[in-house]
Amino acid sequence: MEDPLIPFVAAGCVAAWVGSRTILDRARCAKRLPYPPGPPQLPVVGNLLQITDFEVYKTFAAWGKTYGGIVYFHLFGKQYIVLNDLKTVTDLFEHRNGRYSQRPDMPMVGELIGREENSIAFQKYGQGLKDARKLINSWIGKSPTNGLTPQITASCHKFMGTLLNDPEGFMDNARFALGSMSLKLTFGINCKTKDDPFIHLSEKMQHLTTKALKPGKWLVEFFPVCKLANVPSWMPMAEFKRWSEDAKRQINEAIHVFFDYTRRAVLNGEAEACWAAGEMLDSNGNMKTGEEAERLAVTCAAMYAGAIDTTISVLHMFFLLMARHPEIQRRAQEEIDKVVGSDRLPEMSDRESLPYLNRIIREALRFAPVAPLVVHSLDEDDVYEGFLIPKGTAVLANIWAILHNPEMYKDPEVFNPDRYIDTKDRPAEPDHSQAVFGFGRRACPGSHFALANLFLDFALILSAFNIKPIKNSAGEEVPPEIKMIDGHTRAVQPFKCVIEPRNAEKAQLVRQAVSAANESSY
Ligand code: HEM
């Protein structure tokens with residue numbers, strides 16, 4: 001813990017709280033139904049000592065083998081349920097979505113830095129969230145790209161240009177390409193370089209949110225009853241309070257910086273076509289103000305936040321997988337060459353004609369789910385298969401366990417795009433890759449957009465470039481290792497690979513596409 005409060009105050013509160021919770025819980029269970037099964041718990045800390053693994057979803061999956069698809073545990077009395085298989089997740093998050101669309105209380109990220117109010121993903125379920133999701137759906141919710149193909153294509157082409165000119169910087173360049181496309185589509189902001197102040201501001205917001213979400217970092221997450229969140233920030237050890245106040249201020253300021261940029265452009269008659277500009281005026285042509293404008297500003301800011309860490313994680317993983325699997329890369333290139341020919345680059349309209357590439361996308365999503373655990377909650381008690389699920393429980397869908405279930409996927413730790421087709425030796429395995437986008441009424445509203453973007457990036461990269469492992473001093477190729485950074489989304493640890501054009505003609509096609517993209521208004 002970085003910010004421990006006065007230890008004896010905390011200890012007293014903990015003991016009192018956990019004691020009262022335990023008595024209440026026992027009384028409740030005696031009268032009512034049992035909680036789902038789970039591993040044995042210690043007094044006070046509950047299951048804390050059993051979830052020290054940094055890939056905690058693997059621990060949960062192992063619990064699933066002993067206790068079944070639905071597992072109960074607690075940390076300092078805070079109640080959790082893990083759903084380890086597709087059936088339980090579908091039963092609760094999809095079939096009972098009216099009940100399981102809430103987010104649990106998250107004191108640091110939700111309350112203290114204000115993301116319950118100034119984001120979509122951490123917002124409590126209610127009319128405000130429904131309205132925001134409706135708006136996002138009208139921008140990007142429909143299949144396949146909601147008329148955004150030219151914008152996505154221009155952005156992907158510019159990214160291809162950076163692979164030619166700065167292949168070693170591919171990880172940062174990919175992030176910049178996605179981030180700048182997001183700011184352009186949402187606010188009409190044109191970012192030319194990675195040092196653009198709007199990019200910096202967006203990244204700052206991501207960084208603050210990620211820090212607030214870091215598991216185990218904040219004592220306040222576990223002891224809401226002590227009202228740690230309410231301690232005055234001047235107290236000597238209330239560092240977490242001072243940090244969160246500052247983070248909240250920075251996030252709120254940033255949201256308004258973006259929004260005000262577009263508002264000024266609209267008022268000056270200079271606004272580029274973008275989502276924010278399209279929504280700012282009411283039906284009488286007057287600028288929206290007050291709560292309405294505030295809600296719009298928050299919804300717009302959510303687009304960068306929702307898109308960046310998720311999509312970039314898949315894109316980085318793709319480079320890594322291609323460097324590790326030259327035979328898969330070659331097969332995909334052969335498919336693309338056959339369909340596209342040699343005198344043009346792939347386009348969005350080629351999507352249906354490239355089944356092997358589409359299997360690579362599915363398999364990349366399954367192999368390394370970006371958000372291995374997705375958390376929902378409920379506002380009233382529920383009963384499932386005879387077990388009590390108390391209101392307020394953090395209910396975690398273990399997406400990693402679902403997509404790595406050895407009963408469904410042979411050798412789940414192997415990257416194998418062919419697992420989805422029938423062979424003479426075995427039937428096709430099911431495609432549940434959509435699970436990586438979450439479930440029910442909280443499912444990702446950006447999934448169609450993300451998949452279209454990933455398709456075009458993957459197709460263009462494979463069409464024009466070879467991705468290879470780097471060589472060691474003995475001249476041998478050393479495939480990059482799969483190493484992840486865990487957080488609320490999983491990120492690929494920085495790695496190196498060789499990216500070079502397949503031939504001079506492909507490099508020329510990329511240059512032409514980049515010039516056209518730079519000349520376009522996208
Ligand atoms: C590969 C890319 C992506 C992945 C894997 C992904 C995954 C997810 C997941 C797992 C959730 C939580 C779902 C749940 O609670 O059940 C989510 C929520 C969300 N995503 Fe995505 N996402 C991706 C791309 C995007 C993009 C491109 C956007 C927007 C442009 C976006 C916007 C959002 C928003 C606004 C939410 C919050 C929804 C809510 O809480 O109601 N995502 N995403």
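We number each residue from 1, following the sequence as shown.
Of all non-hydrogen atoms in Pro412 and Arg419, the two that sit nearest each other are CA-NH2, 4.2 Å. When all heavy atoms of Phe437 and Ala450 are compared, the closest pair comes out as CE2-CB, 4.2 Å. Closest of all the heavy-atom pairs between Ser202 and Phe258 is OG-CZ, 3.3 Å. The shortest heavy-atom contact between Ala276 and Thr262 is CB-CG2, 4.0 Å. The two atoms that bring Tyr35 and Pro390 nearest to each other are CE2-CG, 3.3 Å, heavy atoms only. Counting all heavy atoms, side chain and backbone alike, Arg99 lies closest to Asp382 at NH1-OD1, 2.5 Å.
With rounding to the nearest 0.5 angstrom, the CG atom of Leu281 is 5.0 Å from the CE atom of Met287. Here CZ of Arg115 is found 4.5 Å from CD1 of Ile251. Values are rounded to the nearest 0.5 Å. For the atom pair Phe176 CZ and Glu203 CD, the distance stands at 11.0 Å (nearest 0.5 Å). Annotation: the span from Phe60 atom CZ to Leu373 atom CG amounts to 6.0 Å, rounded to 0.5 Å. Taken from CG in Asn118 to CD in Gln123, the straight-line distance is 9.5 Å, to the nearest 0.5 Å. Rounded to the nearest 0.5 angstrom, Leu183 CG and Ile308 CD1 are separated by 8.5 Å.
Checked for salt-bridge contact, Asp260 and Arg263 meet the test: a charged N lies under 4.0 Å from a carboxylate O. Under the 4.0 Å criterion applied to side-chain N and carboxylate O atoms, Asp431 and Arg362 are assigned as salt-bridge partners. Salt bridge annotation for Glu245-Arg242: absent, with no cationic side-chain nitrogen under 4.0 angstrom from a carboxylate oxygen.
Within the 4.5 Å cutoff, no side-chain heavy atoms of Phe439 are placed close to those of Tyr100. The side-chain heavy atoms of Ile389 and Leu92, taken from C-beta on, include a pair separated by under 4.5 Å. Within the 4.5 Å cutoff, the side chain of Val395 has no heavy atoms near those of the Ser377 side chain. For the pair Leu315/Asp457, a side-chain contact is recorded, criterion being any heavy-atom separation below 4.5 Å from C-beta on. Using a 4.5 Å heavy-atom threshold, the side chains of Leu178 and Thr311 count as touching. Side-chain contact between Ser313 and Thr489: absent, with no pair of heavy atoms (C-beta onward) separated by less than 4.5 Å. Put simply, the side chain of Arg295 reaches to within 4.5 Å of the side chain of Glu291, judged on heavy atoms. With a 4.5 Å cut-off on side-chain heavy atoms, Ile360 and Ile328 count as touching.
Formation of a donor-acceptor pair under 3.5 Å by the Asp105 side chain with backbone atoms of Pro107 is not found in this model. Remark: side-chain polar atoms of Asn358 are paired, donor with acceptor, to backbone N or O of Arg351 under 3.5 angstrom. In this structure a side-chain-to-backbone donor-acceptor pair under 3.5 Å is present from Lys124 to Arg103. With Asp282 contributing its side chain and Lys288 its backbone, the two residues share no donor-acceptor pair below 3.5 Å. When atom types are taken as modelled, the side chain of His448 and the backbone of Ile140 share no donor-acceptor pair closer than 3.5 angstrom. Side-chain atoms of Asn405 do not come within 3.5 Å of backbone N or O of Ala401 as any donor-acceptor pair. Checking side-chain atoms of Ser101 against main-chain N and O of Gly98 turns up no donor-acceptor pair under 3.5 Å.
For the residue pair Tyr72 and Gln79, a side-chain donor N or O sits within less than 3.5 Å of a side-chain acceptor on the partner. Remark: the Glu413 side chain and the His404 side chain contain an N/O donor-acceptor pair separated by less than 3.5 Å. Asn47 and Gln50 share a side-chain donor-acceptor pair at under 3.5 Å. With no hydrogens or angles considered, no side-chain donor-acceptor pair links Asn252 and Arg249 at under 3.5 Å. For the 3.5 Å distance criterion, the side chains of Gln206 and Asp309 qualify, holding a donor opposite an acceptor. No side-chain donor-acceptor contact under 3.5 Å links His207 and Gln250. Thr88 and Asp91 are not linked by any side-chain donor-acceptor pair at a separation below 3.5 angstrom, with hydrogens and angles left out of the test.
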Are Phe187 and Trp275 close enough, and set up right, to give a ring pair (Phe, Tyr, Trp, His ring centres under 6.0 Å), and what steps lead you there?
CA-CA 7 Å; Phe187 297 105; Trp275 296 324; 9.2 Å; no
Report the C-alpha distance between His325 and Phe415 in whole Å, list the side-chain angles of each, state the deciding distance to 0.1 Å, and finish with yes or no for ring pair (Phe, Tyr, Trp, His ring centres under 6.0 Å).
CA-CA 9 Å; His325 296 280; Phe415 179 73; 5.4 Å; yes
Carefully, step by step, assess Ile81 and Phe73 under the rule side chain to side chain contact (heavy atoms under 4.5 Å, CB included).
CA-CA 6 Å; Ile81 280 175; Phe73 70 99; over 6 Å; no
Apply the test salt bridge (charged side-chain N to carboxylate O under 4.0 Å, His left out) to residues Glu55 and Lys58: give CA-CA distance (whole Å), side-chain angles for both, the deciding distance (0.1 Å), then the verdict.
CA-CA 6 Å; Glu55 292 173 314; Lys58 293 189 179 171; 3.0 Å; yes
Phe259/Val298 under side chain to side chain contact (heavy atoms under 4.5 Å, CB included): CA gap, chis, key distance, verdict:
CA-CA 9 Å; Phe259 200 66; Val298 165; over 6 Å; no
CA sep, side-chain torsions, deciding dist, call: Val71, Tyr80, side chain to side chain contact (heavy atoms under 4.5 Å, CB included):
CA-CA 8 Å; Val71 177; Tyr80 295 83; over 6 Å; no
Residue pair Leu201, Met205: steps toward the side chain to side chain contact (heavy atoms under 4.5 Å, CB included) verdict
CA-CA 6 Å; Leu201 208 51; Met205 285 171 71; 5.6 Å; no
Kindly determine whether Tyr57 and Arg490 satisfy side chain to side chain donor-acceptor pair (under 3.5 Å), including the steps that lead there.
CA-CA 12 Å; Tyr57 40 88; Arg490 287 170 98 213; 2.8 Å; yes
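Within a 6.0 Å sphere centred on CD of Glu407, heavy atoms belonging to other residues, nucleotides or ligands number 12 at most.
When each of Leu86, Val374, Val370 is checked for a side-chain contact (heavy atoms from CB on, under 4.5 Å) with Ile399, only Val374 meets the rule.
Here Phe319 and Phe495 keep their ring centres 6.0 angstrom or further from each other.
Under a cutoff of 6.0 Å and an axis angle of 45°, Arg442 and Phe93 do not form a cation-pi pair.
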